[in-house]
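Scroll down for the structure; my scribbles are underneath it.
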Amino acid sequence: MTDQNASSAPAATPDIFYTLTDEAPMLATRSLLPIIKGFTRAADVSVGTADISLAGRILAAFGLADDDLARLGALTQDPAATIIKLPNVSASLPQLKAAIAELREKGYDLPDYPDEPTTDAERQVREAYDAVKGSAVNPVLREGNSDRRAPQAVKAYARTHPHSMGTWNPDSKTRVATMDADDFRHNERSVVVPEAGTVQIRLLPADGGEAVVLREALPVTAGEVVDATFMSARALDAFLAGANAAAKADDVLLSVHLKATMMKVSDPLIFGHVVRAFFPRTFSTYGEVLAAAGLRAEDGLASILAGLDDLPEGEQIRASLREELAAGPRLNMVDSTRGITNLHVPSDVIIDASMPAMIRAGGKLWDADGSMDDTLAVIPDSSYAGVYQAVIEDCKANGALDPRTMGSVPNVGLMARKAEEYGSHDKTFLIPADGTVEVVVTAGTGQPAGTVLLSSAVEAGDIWRACQAQDAAIRDWVHLAVVRARATGAPAVFWLDPERAHDRTIASLVERYLADEDTTGLDIRILDPVAATRLSLERARRGEDTISVTGNVLRDYNTDLFPILEVGTSAKMLSVVPLMNGGGLYETGAGGSAPKHVRQLLEEDYLRWDSLGEFLALAEALRHVAEVSGNARATVLADALDAATTTLLQEERSPARRLGGIDNRGSHAWLALYWARELAAQTADADLAARFAPVAEQLGAVNEQVQAELVAVQGHPVELGGYYLPDPALADAVMRPSAALNAIIDALLLP
């Protein structure tokens with residue numbers, strides 16, 4: 001499909017697979033990957049690529065490109081697997097449709113997304129697209145649990161160059177609003193399946209009608225934890241109406257915080273409820289008209305507004321929306337200058353990025369005038385809302401955390417084999433009628449067929465889901481927590497809520513598996529998430545570290561929350577996933593800010609994306625290559641890269657915030673210079689030192705020219721030839737504009 005895809009299937013399996021993704025990380029790769037390949041080639045380390053971008057996955061779903069994601073998924077079972085995974089788009093429905101439209105415009109023979117499939121063919125198309133939507137990549141690649149922490153160089157830099165932190169007022173009105181009943185947390189049920197088998201998920205209608213099969217055959221493994229829960233639509237709507245009224249009464253901004261990308265069924269549905277709750281009169285009056293036109297609240301206000309011009313009642317609906325916007329509470333703005341509210345686009349609603357940013361800013365978010373104000377943060381499901389409220393309360397009482405002195409909160413996260421909520425997409429359903437949802441044994445499990453394992457009494461419109469966590473993944477997670485506690489000497493705290501059925505089950509397994517580990521001299525505890533948050537903050541304020549050991553969603557939340565407070569961004573974290581079969585997956589940070597960076601590049605030819613996560617991941621990947629292949633030169637490359645990264649941080653060569661400074665491309669040029677110098681100076685491998693001595697000299701000689709060339713292109717719009725699938729030649733021209741740098745790097749790539 002592209003030049004990148006053509007290079008993604010080499011004859012021999014490369015030592016390292018570098019993933020091609022989307023948006024800012026994808027663009028940065030066009031600048032950085034030639035440098036990586038040039039340097040690693042000198043040490044006989046091969047680097048191949050695998051296209052897991054949204055565009056690539058769409059094309060693969062219809063046989064128009066190789067399925068690189070499936071290929072990498074199979075590779076995770078290989079002990080020698082070494083994969084560097086950059087942030088990819090977990091597509092909301094609007095993003096998916098936009099990508100499909102772009103690919104069709106480029107001539108690819110793709111069907112439109114069928115919103116209301118009526119034939120088997122349309123249902124098959126919808127199924128193929130839905131498999132691409134949301135968190136489709138991570139569950140395939142994450143065949144291990146997560147070890148995520150701030151590298152020493154990053155932590156040291158944050159202490160000597162502290163990022164800005166907003167001032168907290170003890171009288172701040174900012175708080176979290178969450179449900180106190182009938183949400184996922186309160187309705188949860190949990191069971192451990194004794195033996196492998198299959199189960200069925202079905203709805204028994206209250207009117208006595210025929211059972212509706214929601215999931216025909218769901219495989220389960222021996223010892224697997226299976227949960228079922230639901231969120232009441234009626235309770236959700238009542239809660240949202242109350243939250244709107246509270247924000248209006250307190251005269252604070254209203255903001256909703258969800259994960260409408262990763263949780264590709266539940267959170268988009270909840271987002272739709274939020275939009276309808278904010279515009280009750282409009283949807284009461286025009287709801288049927290909007291539905292008939294395919295304009296859904298789940299797709300956000302921007303999608304609705306864009307479709308009104310085609311409706312006879314369009315102007316009346318637009319006026320009604322405008323009136324309710326004016327009459328309701330003030331909305332948090334994603335982009336004040338462009339009038340983009342918190343309700344415009346579901347993929348802009350990313351809780352793990354938005355809540356830490358608000359806390360870092362002193363509990364404030366942006367209003368329509370471009371000013372910052374206190375906020376009512378609406379987090380409907382109460383499963384993890386208390387964590388954020390605990391941080392807010394701590395900051396009100398003690399002020400902002402100080403990056404110069406605070407300790408760290410690394411994370412060990414349960415995520416292997418689609419564990420927990422992030423693996424629930426194919427088991428989440430909008431309930432069509434009142435009744436009872438049952439999880440029923442169909443074969444195996446050590447119980448008779450027809451045995452009801454779990455049941456939930458539901459109403460039409462409720463959101464029901466099941467989650468799974470395999471026993472092997474839980475055992476590995478417990479072991480990894482002990483390994484990290486032993487390696488660091490820090491307390492390891494399992495964040496498990498005794499009020500949640502799932503967490504009670506997991507806690508019993510944690511206690512059982514800890515008994516199999518050597519925990520002598522270690523401080524390992526189990527605390528509910530709110531108590532664990534308070535303990536971690538208390539210790540952090542004393543400069544002490546505390547390992548958070550969490551489930552899958554809290555892993556995602558904590559690995560943004562604490563890093564954003566500690567080091568300014570989660571992109572600077574080291575994310576290692578020891579694969580359960582011995583391989584290594586190295587993730588490079590969060591991509592929540594990527595769309596803004598792309599917009600700035602298009603307008604100003606300036607890419608603020610920081611590739612520090614890529615530098616850190618590459619060093620760890622090289623060490624894994626050395627371990628599994630015996631190539632000692634890979635370790636030399638890794639040590640030199642770490643030293644170069646430390647110099648880059650201390651010399652402040654990361655991307656600057658403003659035009660005219662070093663951007664992503666300039667940072668890569670500095671890294672190449674520092675890396676070459678470190679390789680030339682090291683004494684562990686004389687051949688590598690001799691190979692890179694002239695490279696370091698050449699890069700040093702042209703460095704001023706290179707930086708001048710990179711700054712000279714700034715300040716003008718650029719053309720990429722596509723957002724989801726840029727034109728390769730145009731993208732390379734934008735991301736590699738320095739002829740002087742290119743000549744040196746390209747020479748390293750020659751046979």
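The structure displayed is predicted, hence computed values, not measured ones.
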Let me see the working for Arg534 and Glu538 under salt bridge (charged side-chain N to carboxylate O under 4.0 Å, His left out), right down to the final yes or no. CA-CA 6 Å; Arg534 290 171 177 161; Glu538 177 186 330; over 6 Å; no
Please examine the side chains of [Y] and [X], heavy atoms only from C-beta on, and report whether any two atoms are closer than 4.5 Å.
{"X": "Ser383", "Y": "Arg500", "result": "yes"}
{"X": "Leu565", "Y": "Val409", "result": "no"}
{"X": "Leu72", "Y": "Lys85", "result": "no"}
{"X": "Lys155", "Y": "Ser408", "result": "yes"}
{"X": "Pro194", "Y": "Val192", "result": "no"}
{"X": "Ile36", "Y": "Phe615", "result": "no"}

Examine the side chains of [X] and [Y] and answer whether a donor and an acceptor come within less than 3.5 Å of each other.
{"X": "Tyr388", "Y": "Glu393", "answer": "no"}
{"X": "Tyr422", "Y": "Asn138", "answer": "no"}
{"X": "Thr550", "Y": "Asn558", "answer": "no"}
{"X": "Glu224", "Y": "Thr221", "answer": "yes"}
{"X": "His502", "Y": "Glu420", "answer": "yes"}
{"X": "Ser255", "Y": "Asn342", "answer": "no"}
{"X": "Gln470", "Y": "Lys418", "answer": "no"}
{"X": "His624", "Y": "Thr82", "answer": "yes"}

Should Arg504 and Asp497 be marked as a salt bridge (charged side-chain N to carboxylate O under 4.0 Å, His left out) after you check the CA-CA gap, both sets of side-chain angles, and the distance that decides it? CA-CA 7 Å; Arg504 289 195 299 271; Asp497 182 356; over 6 Å; no
[atom2] on [Y] to [atom1] on [X], rounded to 0.5 Å:
{"X": "Arg148", "Y": "Ser548", "atom1": "CZ", "atom2": "OG", "result": "11.0 Å"}
{"X": "Ile474", "Y": "Arg417", "atom1": "CD1", "atom2": "CZ", "result": "11.5 Å"}
{"X": "Leu579", "Y": "Asp476", "atom1": "CG", "atom2": "CG", "result": "9.5 Å"}
{"X": "Glu587", "Y": "Ile84", "atom1": "CD", "atom2": "CD1", "result": "11.5 Å"}
{"X": "Asn187", "Y": "Thr229", "atom1": "CG", "atom2": "OG1", "result": "5.0 Å"}

Output, in order, the C-alpha distance, side-chain angles, deciding distance and verdict of salt bridge (charged side-chain N to carboxylate O under 4.0 Å, His left out) for Lys396 and Asp394. CA-CA 5 Å; Lys396 285 183 183 180; Asp394 179 89; over 6 Å; no
Any Lys/Arg nitrogen of [X] or [Y] sitting under 4.0 Å from an Asp/Glu carboxylate oxygen of the other?
{"X": "Lys364", "Y": "Asp374", "answer": "yes"}
{"X": "Lys173", "Y": "Asp373", "answer": "no"}
{"X": "Asp402", "Y": "Arg541", "answer": "no"}

How far apart are the C-alpha atoms of Asn552 and Glu421, what are their side-chain angles, what is the distance that settles it, and do they pass the side-chain hydrogen bond (donor to acceptor under 3.5 Å, both in side chains) test? CA-CA 7 Å; Asn552 205 345; Glu421 293 98 327; over 6 Å; no
Should Ser456 and Trp464 be marked as a side-chain hydrogen bond (donor to acceptor under 3.5 Å, both in side chains) after you check the CA-CA gap, both sets of side-chain angles, and the distance that decides it? CA-CA 9 Å; Ser456 311; Trp464 185 98; 3.2 Å; yes
Decide yes or no on side-chain hydrogen bond (donor to acceptor under 3.5 Å, both in side chains) for Thr546 and Arg539, but give the supporting numbers first. CA-CA 7 Å; Thr546 312; Arg539 290 177 53 84; 2.7 Å; yes
Using the ring of Tyr674 (Phe, Tyr or Trp, six-membered ring only), decide whether Arg653 places NZ or CZ under 6.0 Å from its centre and within 45 degrees of its axis.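 Relative to the ring axis of Tyr674, which defines the angle, Arg653 lies outside at least one limit.
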Verdict with supporting geometry, Ile392 and Arg175, side chain to side chain contact (heavy atoms under 4.5 Å, CB included): CA-CA 7 Å; Ile392 290 170; Arg175 64 179 178 87; 5.5 Å; no
Evaluate the side chain to side chain contact (heavy atoms under 4.5 Å, CB included) criterion for residues Glu188 and Cys467: first the C-alpha distance (whole Å), next the side-chain angles of each, then the deciding distance (0.1 Å), finally the verdict. CA-CA 10 Å; Glu188 192 170 61; Cys467 301; 6.0 Å; no
Do Ser190 and Asp227 pass the side-chain hydrogen bond (donor to acceptor under 3.5 Å, both in side chains) test, and can you show the C-alpha distance, the side-chain angles, and the key distance before you say yes or no? CA-CA 4 Å; Ser190 181; Asp227 309 322; 2.8 Å; yes
Exam field: side chain Asn581 to backbone Gln77, donor-acceptor pair closer than 3.5 Å: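 Checked: pair present.
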Check the pair Leu537, Leu401 against side chain to side chain contact (heavy atoms under 4.5 Å, CB included), reporting the backbone distance first and the verdict last. CA-CA 9 Å; Leu537 291 170; Leu401 290 145; 3.9 Å; yes
Could you check Ile524, Leu514, Leu509 and say which one makes a side chain to side chain contact (heavy atoms under 4.5 Å, CB included) with Val478?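 Going through the options one by one, the only one that passes is Leu514.
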Walk me through whether Ser266 and Met231 qualify under side chain to side chain contact (heavy atoms under 4.5 Å, CB included). CA-CA 9 Å; Ser266 61; Met231 177 176 282; over 6 Å; no
Indicate the ring-plane relationship of Trp477 and Phe494, choosing parallel, tilted or perpendicular according to the 30° and 60° boundaries.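 Because their plane-to-plane angle is over 60°, the rings of Trp477 and Phe494 count as perpendicular.
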